[in-house]
Amino acid sequence: MRVLVVGASGAIGTRLVPLLIERGHEVIGTARSPEKTEGLKAFGAEGVVVDALDPQAVRQLVAVVRPDAIIHEATALADMSFGRNFDRTFAQTNRLRTEGTDNLLAAAREAGVRRFIAQSFASMRNAREGSMVKTEDDPLDPDPVASMRQSQAAMRHLEQAVTAAGGIALRYGGFYGAANDGMIEPVRKRQFPIVGDGGGIFSWMHLDDGAAATVLALEHPGPAIYNIVDDDPAPVREWLPVLAEALGAKPPRHVPAWLARLIAGSAAVEVATQARGSSNAKAKRELGWTLRYPSWRTGFPATYSAIAVADGQAAGQGAGATYARD
């Protein structure tokens, strides 16, 4: 199958492209700069530069490439700094999930591309009531925190547009598995505390498992929505100390909800104390997905222990370690 991967140089894309090639697919991957296309060529893919927010450029690309399938992994998450306003942080990614998705779907229709898969997100979106773990059929949060409404609306738009076109939306869990993961430095610096009772449920996903699920979804008919998360949704008070230990960091601090609301804003408090997790039963059943890392309990140590050791060695040599995001 000839596959166009949009956002191929990102966290998921760099894991996905080699798997697609290994599976026998011909891959054309997009990036935002010529430098990043070189990495795609090293995998055996063809690399091209395109702005997914430029509708004319997208139409021309799809018309020339004429893929059998499009996988939309474009985000703007590199080099982000998290603040009180969630929507401001994700503003460019929200555009890629709305305007970018619409551009790609329009180009796909014009070129007769029938298979379409897009990256969505599972965490922080489920209704904050009822069962602690939700399926794809359960309602999403009908009243998101004010600073998250634009981001929630962007993901709803993506999922509705993709499934209306017969495609598949993959609700990935929280990413981990790379040396430049955004959580590493805040946890090491004890800037990510356990808020209140730490009861908010998170669903995690190792990048390798997310890429593997995406390959399987490519070979499955739509329309559909799948939660691509591990088997072990868990509250912050359980997973955060394990992550800190895996990184060789001190245990996380505990902060009362009222203080966290003053410092980090309402969105951070609601997520940390009330978020619901997601079930992967449908994806495992329908896609035949088998996880390499079924739980963060083993995934965090396996992924980050080597990083912690390497960092300690570098510090001992006076080198100092920094983690620049991709």
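What you see is a predicted model; the values in this text were computed from it and never measured.
- For the residue pair S151 / D87, a side-chain donor-acceptor distance below 3.5 Å is found, with atom types taken as modelled.
- In this structure, the separation between CZ on R297 and CG on D232 is 4.0 Å, given to the nearest 0.5 Å.
- Aromatic ring centroids of Y226 and W289 lie 6.0 Å or more apart.
- If you take CD on E38 and OG on S33, they are separated by 9.5 Å, rounding to the nearest 0.5 Å.
- Looking only at distances, a side-chain donor or acceptor of H72 sits under 3.5 Å from a matching main-chain atom of L96.
- With hydrophobic clusters built from ILVMFWY side chains whose heavy atoms lie under 4.5 angstrom apart, Y172 shares a cluster with L16.
- Heavy atoms of other residues, nucleotides or ligands lying less than 6.0 angstrom from CZ of R190 number more than 12.
- Classification of the F202-W239 ring pair by plane angle, with boundaries at 30° and 60°, yields tilted.
- Under the 4.5 Å side-chain heavy-atom criterion for grouping Ile, Leu, Val, Met, Phe, Trp and Tyr, V242 is connected to I194 within one hydrophobic cluster.
- Of the inter-residue distances, the one linking S295 atom OG with H206 atom NE2 reads 12.5 Å to the nearest 0.5 angstrom.
- One hydrophobic cluster holds both L287 and L291 under the rule that ILVMFWY side chains link at heavy-atom gaps under 4.5 Å.
- Shown are R156, R125, R128; of these, the salt bridge (charged side-chain N to carboxylate O under 4.0 Å, His left out) with D141 is made only by R128.
- Within a 6.0 Å radius of CD in E22, no more than 12 heavy atoms belonging to other residues, nucleotides or ligands are found.
- Remark: the backbone N or O of Q274 is paired with a side-chain donor or acceptor of R276 at under 3.5 angstrom.
- Both L170 and L216 are assigned to one and the same hydrophobic cluster, defined by single-linkage of ILVMFWY side chains at heavy-atom distances under 4.5 Å.
- At a threshold of 4.5 Å between side-chain heavy atoms, the hydrophobic network of Ile, Leu, Val, Met, Phe, Trp and Tyr places L158 and L218 in two separate groups.
- Looking at D208 and R15, a side-chain N of the basic residue comes within less than 4.0 Å of a carboxylate O on the acidic one, giving a salt bridge.
- At distances below 3.5 Å, at least one donor-acceptor pair connects side-chain atoms of D230 with backbone N or O atoms of W296.
- Looking at T101 and H157, their side chains never bring a donor and an acceptor atom within 3.5 Å of each other.
- When only modelled atom types and interatomic distance are considered, Q152 and R149 share no side-chain donor-acceptor pair under 3.5 Å.
- A side-chain donor-acceptor contact under 3.5 Å links K282 to the backbone of I225.
- Surrounding CZ of R59 are more than 12 heavy atoms belonging to other residues, nucleotides or ligands, all under 6.0 Å away.
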